[in-house]
Every structure is written in structure tokens, then in C-alpha cells.
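What's counted below: heavy atoms across the whole structure, side chains too, no hydrogens, waters or symmetry copies. Per chain, numbering begins at 1; letters A, B, ... match sequence-line order.
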Amino acid sequence: MKRTAMIGHLTPAHAGQTVTLQGWVNRRRDLGGLIFLELRDRSGLVQVQVEPDSAAFADADRLRAEYVAEIEGTYQARPESQRKGGLADFEVIATRVKVLNTAKTTPFELEKGDSVAEDIRLKFRYLDLRRPEMQRNLVLRSKAVAAVTEYLDREGFVQVETPMLTKSTPEGARDFLVPSRQNPGEFYALPQSPQLFKQMLMIAGYDRYYQLARCFRDEDLRADRQPDFTQLDMEMSFVELDDVLSTQEGLMAHVFRETTGVDLPVPFPRMAYMDAMNFYGSDKPDLRFDLKFTDVTDLFQGGEFKAFAAAQAVKVIAAPELTRKQIDELERIAKQNGAGGLAWLKRDGDGFTGGISKFVTAQAAELIARTGIEQGGTLLFTAGEWKKAVGALGAVRLALRDLFDLAAAGPQFHISWVTEFPQLEFDDDSGTWTYMHHPFTAPHPDDLDLFGTDRQGEIRAQAYDLVLNGFEVGGGSIRIHDPAVQAKMFQAIGFSADQARDKFGFFMDALEYGTPPHGGIAWGFDRLIMVMSGATSIREVIAFPKNNRGVDLMALAPSPVEPGQLADVGLSVATSEN
RNA sequence: GGUCCGGUAGUGUAGCGGUUAGCAUAUCUGCCUGUCACGCAGAAGGUCGCGGGUUCAAAUCCCGUCCGGACCGCCA
């Protein structure tokens, strides 16, 4: 290899040495007689000077942006008057320039990549990934993987790979299906998570397992959701809930320290699901700022304001002074998130003006006392069915965060646990009970007697989510290891023994051969890296992501296939009828 | 499936009923020996996403459609 150093590894100690560098031309400044080049590789950038009388000049004159070049020259301090500080005090005086490859004019200027339409960046992802910002993200990701591996290996975790071609199981999301050529009419499914396999590994005695697992869910995309994504999947045997959480805290703190240099205070705060919902309207509250809800249901029960009088819940948040336009926008957000409307009041002296003020004269003093609303401040109310009322106000809370930049005053990263999720959730659409986490989640032992009673909605799950800056970056649970409890769980969600056997027969069998108590968690690894890097989209930390519609704009996947390929797997495509 | 926002030279944008469709940057040519977003002079580059409608006249207004993004539903 001719290259003597990566550009970013040059130091003042190299001064006076002859170096050979290879990279891309970032920029060319041609002063006529004198040419300056910026040469870039993924480690850094250096200025190259080419004198007109040097042997390098003719080749340097051919170089354009993004050409690949090899530069041999002397690394040296710049003239006194030209120093910029740090490594910009040094440059390479070229003695030889070799054009290793030419490049077409790029479809966008790499240095302006931040402001280029994302579909263009995705179509030319190989150019986009040349940008230092993107390289920083992918390197951060790589370092996080290294930190995880190092820590878990030290803690005795065994890395095991589980299959990508597996059995379709109703985990919640739609499966990606893969037709089987050797078994016509039958399908593999890509894993939504390695859940059952990792529990098998606990039954098999591996005690502590981890895997960076690719997972697939055929659902609509979002800024923080891709159809194929990476989970850091972990499972431990002979543990209880506190053991899992403290192990995770150690790991997460290690990863932050090694990658961002940030020290996360441990243990992480814990918040019960009901508190998260009641105070912040979300099971993944952004706790970099407070802005809690106040419950005022009781103040309006049976009162003259009809929208509140019969409401299951009336919640209020104390916002700064808002314009009508801002209130209208917040109401739009509230409605989009399930509220019937967004009632408001403006504090004026000992009472209120605007909005619903004529209905609250009797409650004014109590509202001021409970909410602590300041003069001129705005109270925003949602009312109705509890879950919708808190959820909608939760969305308003986040909109207020964005409007007033509330998170900026808090810590850069706030991480916490949300715990005590309900085990079961009533699904209005189907009129049945369903699992909230997944059907293998262990219920709290004190709540076991509630199965099958009219209070089964109160059963607490031994489940936990990791919440970072308002993003769910991990979730897990203690699992059921007692077949009798597993049977109760299936019964509660309306799974007959036969159905359970059909879907998870192998797992039901395995449970009966000596299953240790166990539990685990999975991190949404892409999402975690997104938050750590400060990116606003998961696509910024995935090398080759898909767009909103699940399309890879570079490779142009998905795409039709040859008829012969379909015939091989015994499929034909039905013509769509509009 | 739904709501909202957007689509104008390669890229980023202005124009919002009558413009030769403007600006910046990139590209190309010429000049230039200390630039560092180099500078100066010039050139080329546009089916204003597509289709239809309204109008004497449409990039501009209306309808449809396609594409991109954010969100709801869905999804841990």
C-alpha cells in the first residue's frame, strides 16, 4: 500500500515528512499559477498546494470535485501569515499528483447535502454517505456496536444468531412472507423479533444471550420506523426484574460513555405507566422538560359545561401565553390525536378570559391554585374518554415543546424506565382482551388471581420500556416460565389450547422441559443511534434505508420479478382490479 | 385507509393571473502565485411534476393524478 497515513491521522509530528495520501478532491481553488486542493478521506481533510513549476501541476490541473487522487508531498507548516489554527496550520506541498479516477459532476453538492431533498440523497446514497455528517453517524453506530459487544462479552453474554427464514407468528405486526420453492404453497416469514428463539436459548441453558438482530415488520413507515430494522436483543436466565434493569443501566451507561462521552446517571428513574399517561399523556414521555398535566375531572362533573360534565377525564396543561393562531394549531394537533377539541382559557387577574371562560367562573380560583397558571398564561384542556384525553394532550405537550424549545433547557439526554404496564388491554374493535406487550410477558405474581375476573385489566405486567428523550428505545419483560401461567394468559386473550398449539406448538412443548425463570429486553438500535446522533430521522443512521413508502430509491426495490421466478415458487400475481 | 405540507435549470430557492421565468451555487471557457465558500469576466443550462379545466392570457386560480415529506390509523 502506497498510502502512508489517513488524512485525519496526520499530526504536527509529521511536519517535514514526505507523505502519500489518497482520497477524494473535496474542493479545488485554482489561482491560475497556483492550485490549492482539499483532499478528503473519511478521517479528515487536508489542503494540498501545487506549485506551477512542480511535476504535479499538469495532473493537479485535471482534478475536479470528487475525482480520486493520490498525492505525494511534504507535510509542513503553512507560512506564518496563512495559519488558521490547529491542523489548518499545516498543508501538503505536492511533489506528485496521480489521478486515480475521474468523476462525473455530482447530482448535488456534497457540502450542501443537509439542505438537499432527501429523495435525491437516497437515490445517490453512495455520494450522500461520503459526507462527513453521514460518516460520523455510521461510525458512531459502529462504535456503539463495539461498546455493546465488549460490555456484554465481559458480562458473560453469548452471541447467538437466530434464523431469518422462520415461521409466521401473530406477534402483532404484519409478516413479510417468503414463498418456499421446495414446499409449494407454503411460506416462511421473516422474523418480527427473535422472541421465541431467545426464550428457547434460555431453556437450552445459555443463561445470557445477545444478538444484533435484523427484524422485519410489514407496517407503514415513519421518521423513526423502517420495515427492516436492527434490534439489540438480549435475554437472561435466573433473573428478576431488578436484575435485568440494573444490567441494562450498566450497559447503556457504558455505551453512552464510550461513544458520546456522556455520563448517564444510574440507576435510571422509573415511572409507572399510569403516571406516565396521567401526567404526560404518553407511555414514552419526553422528560427533558416537565410540563405535567393537572387532573380537573372532579371540578366539572355534572356541571353546566356539557363537554366536561360527563367526561371520564378532564386534563389541563399550563402553557405560556398563546396567540389565537397558535391555539388553533394546537387544537388541530389535539383533534388529530383523538380529542374532540381543545378548550382554552387565558389567565386574567383572578379569573379567565377567552375560550370557555364563561363556563368556569365557579372553578376559576381552584383552577389557578391547582395549575399555578401565570398571568397571561393559557390553560389547555382535553376531556372525554381517559385514554383519548391524555393522549391528545400529550401530543399538545410535545407541540408546546417544539414551539417554545422547552427541551433545550433540560439535559441533552434523559433516559428513564416506564414500568407497570397493564398485562391486558381491551380492544374495542374486536371486543376482546389482548396482550399489551406480547403473550409471553409474565404478569406480576400478586395479580395472578385477577385472570378471568372483571378486574383483569388491572393485572400489572412485569414489562418495562426504556425511554430516551421521548423515544422508546427499548422494551422487554420478565417472561412466563410456568406452563400453567402461560395457559392462563392464552385463555385470557381468547386463544384456545388448540390455537396456541398451532401457532407456538414448539414453544409450548419446550416450556415443559425445565424452563428457568428468565427475562430480557430488546433495544431499537437504529432509533437509539438516531437520538444519540441528534438526527431527526432514523434514515440518517441507516446506510441504505427505505423511504416513506418502503422503496429503496437507489436499488429500486421492491420490483417485479421474472415470470419464471414466480413459477419456481408456485405463485402468480393476481391482476389488481380498481 | 385518512389529514396536512411541498414539487420552478444539476442543486437550493424567488416569482403566486400579463416577466425575455429572477437569484445563488454547481458546470464549461478565459484571466489570476497564498487561496481556504478564492476572486473577476463570460457562456451554457427550464416540457415551472403530469393531465384536464377556468380565462383574451396560467408557473400562478380550480379539479384530478403522480411523486416526496410529517403525522393519524397500523406498528413495541
Side-chain angles (χ1 to χ4, degrees), chain A residues 26-38 45-54 57 64-66 78-85 88-89 91 93 103-124 127 171-175 192-193 195 215-227 229 231 233 283-284 329 332-339 388 391-392 395 398-399 402 418 421 425 427 429 435-438 441 461 463-467 471-477 521-524 527 536-537 539 547-549 551 553:
Chain A
N26 195 59
R27 204 173 265 281
R28 191 178 89 116
R29 290 183 284 273
D30 180 354
L31 273 60
L34 185 65
I35 296 173
F36 291 103
L37 302 167
E38 283 174 13
L45 199 66
V46 70
Q47 173 165 279
V48 177
Q49 191 212 110
V50 189
E51 292 279 0
D53 53 358
S54 87
F57 193 80
R64 295 291 182 275
E66 300 310 315
R78 297 183 183 195
E80 200 100 31
S81 62
Q82 300 296 324
R83 294 188 189 163
K84 298 279 187 183
D89 283 350
E91 63 189 354
I93 310 298
K104 299 207 304 192
T105 302
T106 54
F108 63 94
E109 293 164 64
L110 267 52
E111 292 202 334
K112 296 184 179 169
D114 281 344
S115 52
V116 171
E118 197 184 3
D119 51 337
I120 290 163
R121 292 174 50 204
L122 289 176
K123 182 174 176 187
F124 300 97
L127 297 176
E171 274 234 23
R174 212 174 275 122
D175 283 320
Q192 296 185 28
S193 96
Q195 184 62 33
C215 300
F216 304 86
R217 292 178 187 157
D218 187 7
E219 298 294 345
D220 285 1
L221 285 71
R222 288 285 190 282
D224 64 349
R225 247 157 59 187
Q226 284 275 301
F229 61 100
Q231 272 184 196
D233 196 46
D283 60 359
K284 46 181 199 293
E329 172 62 13
R332 193 187 65 75
I333 289 165
K335 282 182 172 169
Q336 196 182 13
N337 286 275
K388 283 187 175 169
L398 294 183
D402 298 338
V418 173
F421 286 87
E425 196 174 31
D427 178 30
D429 291 339
Y435 49 85
M436 189 157 184
H437 192 69
H438 57 56
T441 300
Y464 31 82
D465 278 357
L466 259 179
V467 179
F471 289 91
E472 183 200 324
V473 295
S477 61
I521 192 167
W523 291 4
R527 214 179 265 172
T536 52
S537 159
R539 297 183 293 271
N547 76 358
N548 237 354
R549 299 192 180 201
V551 173
L553 292 171

**OP:** Could you check which of rC74(B), rA76(B), rG69(B) has an atom nearest any side-chain atom of E472(A)?
**Re:** rA76(B)
Subject >> Partner nucleotide of rG64(B) by Watson-Crick or wobble geometry (both distances under 3.5 Å) >> reply: rC50(B)
**OP:** Write down the distance separating the C1' atoms in rC63(B) and rC71(B), rounded off to the nearest Å.
**Re:** 26 Å
Subject >> Distance (rounded to the nearest 0.5 Å) between M436(A) CE and D427(A) CG >> reply: 12.0 Å
Subject >> Complementary nucleotide for rG39(B) - Watson-Crick or wobble, under 3.5 Å >> reply: rC31(B)
Original post:
For N547(A) and rG68(B), is the shortest distance between a side-chain N/O and OP1 or OP2 below 4.0 Å?
Top reply: yes
Original post:
On a whole-Å scale, what distance lies between the P atoms belonging to rG17(B) and rU11(B)?
Top reply: 27 Å
Original post:
Separation of I35(A) atom CD1 from rC31(B) atom C1', in whole Å?
Top reply: 14 Å
Subject >> Rounded P spacing from rA21(B) to rC48(B) in Å >> reply: 11 Å
**OP:** Taking salt bridge (Lys or Arg N to Asp or Glu O under 4.0 Å) as the test, write out the residues that go with K112(A), two or more places apart.
**Re:** E109(A)
Original post:
For the pair made of NZ in K388(A) and C1' in rG73(B), what is the distance, rounded to whole Å?
Top reply: 11 Å
**OP:** Please name the residue in the list R29(A), Q82(A), K84(A) that meets the side-chain hydrogen bond (donor to acceptor under 3.5 Å, both in side chains) test with Q47(A).
**Re:** R29(A)
Original post:
Roughly, in whole Å, what's the span from CZ in R64(A) to C1' in rU29(B)?
Top reply: 11 Å
Original post:
Looking across every strand, which nucleic acid part, if any, lies under 4.0 Å from I120(A) by heavy atom: base, sugar-phosphate, or nothing?
Top reply: sugar-phosphate
**OP:** Could you state the atom-to-atom distance from CG of D224(A) to P of rC74(B) in whole Å?
**Re:** 16 Å
Original post:
Just how far, in rounded Å, is P of rG73(B) from CG of L221(A)?
Top reply: 16 Å
**OP:** Determine, for R332(A) against E329(A), whether the closest basic-nitrogen to carboxylate-oxygen distance falls under 4.0 angstrom.
**Re:** yes
Subject >> RNA chain B: 5'-proximal contact among A65(A) and R225(A) (nearest heavy atom) >> reply: A65(A)
Original post:
Excluding sequence neighbours, so at least two apart, what forms salt bridge (Lys or Arg N to Asp or Glu O under 4.0 Å) with R222(A)?
Top reply: none
Subject >> Pairwise C1' distance, rU47(B) and rC23(B) [rounded to whole Å] >> reply: 22 Å
**OP:** For rU13(B) versus rA26(B), give the span between their C1' atoms, rounded off to a whole number of Å.
**Re:** 14 Å
Original post:
Are the side chains of L221(A) and Q226(A) in touch, meaning some heavy atoms are under 4.5 Å apart?
Top reply: yes
Original post:
Taking only side-chain nitrogens and oxygens of N337(A), does any of them come within less than 4.0 Å of OP1 or OP2 of rC71(B)?
Top reply: no
Original post:
CZ of F108(A) versus P of rA9(B): gap in Å, rounded?
Top reply: 17 Å
Original post:
Is there a Watson-Crick or G-U wobble partner for rU19(B) with both distances under 3.5 Å, and if so, which one is it?
Top reply: none
Subject >> Nucleotide paired to rC4(B) in any strand shown, Watson-Crick or G-U, under 3.5 Å >> reply: rG69(B)
Original post:
Within the structure, does a side-chain N or O atom of R549(A) lie under 4.0 Å from either OP1 or OP2 of rC67(B)?
Top reply: yes
**OP:** Look at all strands and tell whether R539(A) reaches a base, only sugar-phosphate, or nothing, counting heavy atoms closer than 4.0 Å.
**Re:** sugar-phosphate
Original post:
Does a nitrogen or oxygen in the side chain of Q336(A) sit under 4.0 Å from OP1 or OP2 of rC4(B)?
Top reply: no
Original post:
Taking only residues two or more places apart in sequence or in another chain, which ones pass ring pair (Phe, Tyr, Trp, His ring centres under 6.0 Å) with F421(A)?
Top reply: Y273(A)
**OP:** To the nearest Å, give me how far apart CG (N548(A)) and C1' (rU3(B)) are.
**Re:** 14 Å
**OP:** Determine the interatomic distance between C1' on rG12(B) and the same-named atom on rG68(B); round to the nearest Å.
**Re:** 16 Å
Subject >> Integer angstrom distance from the P of rU3(B) to that of rA44(B) >> reply: 47 Å
Subject >> Residues which pass salt bridge (Lys or Arg N to Asp or Glu O under 4.0 Å) with R225(A), listed by chain and number, not counting sequence neighbours >> reply: none
Subject >> Nucleic acid footprint by protein, nucleotides 33-47 of chain B - heavy-atom cut-off 4.0 Å, B for base, S for sugar-phosphate alone >> reply: BBBBSB---------
Subject >> Spacing between D119(A) atom CG and rG6(B) atom P, to the nearest angstrom >> reply: 17 Å
Subject >> E91(A): salt bridge (Lys or Arg N to Asp or Glu O under 4.0 Å) partners, not counting sequence neighbours >> reply: R78(A)
Original post:
Taking the same atom, P, in rG15(B) and in rU35(B), what whole-Å distance lies between them?
Top reply: 37 Å
**OP:** Determine which nucleotide pairs with rU11(B), using a 3.5 Å limit on both distances of a Watson-Crick or G-U wobble pair.
**Re:** rA24(B)
